[in-house]
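We count residues from 1, following the sequence as given. Computed from heavy atoms alone, side chains included, the values below leave out hydrogens, waters and symmetry copies. This is a predicted model, so every value here is computed, not measured.
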Amino acid sequence: MMSFSREDSEIVDGVVQLRFANSTDQVNEIGASDLAEVLQGLVAFSAELARAGEFGEGPAPRVRVRAPKEGSFILEAVVWFQENPIGTAAAALTGIAGAAAAKEIGTAAGKAIAEGIGIGLRKLRGERPVGFEHLDGGTVKVDWPDGSVSEVREETWTQLQAMKKPTRNALSKILTPLNTDSDTLEVRDASVSETTDEILSTPADAVANRTDYLTAIFEPDDSFSDERIFETEATLGSIDFSSNERWKVLTPNDGSRTATIEDREFLRRLDQGEALHKGDIFWLKIRETVSKERGKNTSTEWAVLEVTRRRAGGEDDIPSTPAPPSIE
């Protein structure tokens, strides 16, 4: 069980419980490596919510694991929000006869983690809300097709809808036992005073299955390539006269970038002796290509299609020096 405490009238102490079960509704053991993944996922998922502002300002929580208790399958991970202006608290991840639960995480209600996991699962499944309302205090209310309702901070909602790689990886780690030892994961939240059995007697807030795990670990193909043509006034900075591929282009509204010069007529005139001077102002036609390959960062490339000199600068020729690395 995971209890939360923070000095905020809108949030009360609470518990979130993670229970793994198979087709017979029991799991007597979970692989050590899988359980380690769950702990790592819980830490990472909490950090992602912290980054979104769910726990207020301050550092992400630190997680410590307590010794197992004799006679039951229990692991406790203590999470401390040190130097957090909202407050200080602790956490524990607990599993009894196959139930894995988080206990005593501070500075936000256990409901925050439970809601976050539930919304993350719906995002993986492609579920869309049927209603959306902004509430006081930066919270949003989300109505789902099955009649259930979620309430989280708006920043947390945005973070989970983006489902960037760190968030997706954290969620997949929490679901790891679904790959081998378990068929389902039940997520519940409750008050701190409720016992494990009392929490188990309530309906699950969210339920994950093996398909959810497989979806979480699958890296989506987010590759793309977009082009646009634009014209702009510009100056030419450092130039490599031995190549047309590393010319620094500086524009007033679109920033600066190392570009490839594809205007063959302009390059021919330079070969025939036309000089460039510091302060020359040009009118450029540029093709901008923004692309992303699977598993890589987005890149932006410029190709200068046409170059027209608009105003001559000083008499000093631009030195023939290699261009600096491209700003991507």
Phe230-Ile261 co-clustered via ILVMFWY side chain contacts under 4.5 Å: yes
Which value, rounded to the nearest 0.5 Å, describes the distance between Leu160 atom CG and Leu49 atom CG? 6.0 Å
For Gly41 and Ile174, work out which heavy atoms get closest and say how close. C-CG1, 3.6 Å
Taking the side chain as every heavy atom from C-beta outward, state whether Arg228 and Asp226 have any atom pair closer than 4.5 Å. no
Using every non-hydrogen atom in the two residues, find where Gly255 and Thr251 come nearest and quote the distance to one decimal. O-OG1, 2.7 Å
Could you check if a side-chain atom of Arg309 sits within less than 4.5 angstrom of a side-chain atom of Arg269, using non-hydrogen atoms only? no
What heavy-atom pair brings Ser225 and Thr289 nearest, and what distance separates the two atoms? OG-CG2, 3.8 Å
Could you grab the distance from atom CD of Glu301 to atom CD of Glu227, nearest 0.5 Å is fine? 10.0 Å
Between Arg188 (side chain) and Thr202 (backbone), is there a donor-acceptor pair under 3.5 Å? yes
May I ask you to test the Asp254-Trp302 pair for a side-chain heavy-atom distance under 4.5 Å? yes
Are Ile117 and Val149 joined in one hydrophobic group, where the rule is that I, L, V, M, F, W and Y side chains link up if heavy atoms are under 4.5 Å apart? no
Regarding Glu233 and Trp283, is there a side-chain donor-to-acceptor distance under 3.5 Å anywhere? no
Let me confirm one number: the NZ-CD distance from Lys285 to Glu262, rounded to the nearest 0.5 Å. 12.0 Å
Thr139 and Glu151 side chains, donor-acceptor separation under 3.5 Å: no
To the nearest 0.5 Å, how far apart are CG in Asp271 and CG in Leu267? 7.0 Å
Separation of Leu276 CG from Phe266 CZ (nearest 0.5 Å): 5.0 Å
In the hydrophobic clustering that connects Ile, Leu, Val, Met, Phe, Trp and Tyr at side-chain heavy-atom distances below 4.5 Å, which members other than Phe224 occupy its cluster, ordered by chain and number? Val290
Output all residues satisfying side chain to side chain donor-acceptor pair (under 3.5 Å) with Thr156, sequence neighbours left out; order by chain, then residue number. Glu54
Check: residues 204-212 side-chain donor-acceptor pairs under 3.5 Å, at least two apart:
from: Asp205; atom 1: OD2; to: Asp189; atom 2: N; distance (Å): 2.7
from: Asn209; atom 1: OD1; to: Thr211; atom 2: N; distance (Å): 3.1
from: Asn209; atom 1: OD1; to: Asp212; atom 2: N; distance (Å): 3.1
from: Arg210; atom 1: NE; to: Leu178; atom 2: O; distance (Å): 2.4
from: Arg210; atom 1: NH2; to: Leu178; atom 2: O; distance (Å): 3.2
from: Arg210; atom 1: NH2; to: Ser182; atom 2: O; distance (Å): 2.8
from: Arg210; atom 1: NH2; to: Asp183; atom 2: OD1; distance (Å): 3.2
from: Asp212; atom 1: OD1; to: Arg125; atom 2: NE; distance (Å): 2.9
from: Asp212; atom 1: OD2; to: Arg125; atom 2: NH2; distance (Å): 2.7
from: Asp212; atom 1: OD2; to: Asn209; atom 2: N; distance (Å): 2.9

So, Arg168 side chain and Leu124 main chain: donor-acceptor pair closer than 3.5 Å or not? no
Do Leu185 and Pro177 touch side chain to side chain, with heavy atoms closer than 4.5 Å? no
Would you kindly confirm whether Ile286 and Leu305 end up in one hydrophobic cluster when ILVMFWY residues are joined by side chain heavy atoms under 4.5 Å apart? no
Can you give me the closest heavy-atom contact between Glu48 and Gln159, atom names plus distance? OE1-NE2, 2.8 Å
Give me the atom names and distance for the closest heavy-atom approach of Ile119 to Trp157. CG2-CZ3, 3.8 Å
Should the heavy atoms of other residues, nucleotides or ligands under 6.0 Å from CZ of Arg128 be counted, would the total exceed 12? no
What are the two closest heavy atoms between Trp144 and Ser150, and how far apart are they? NE1-OG, 2.9 Å
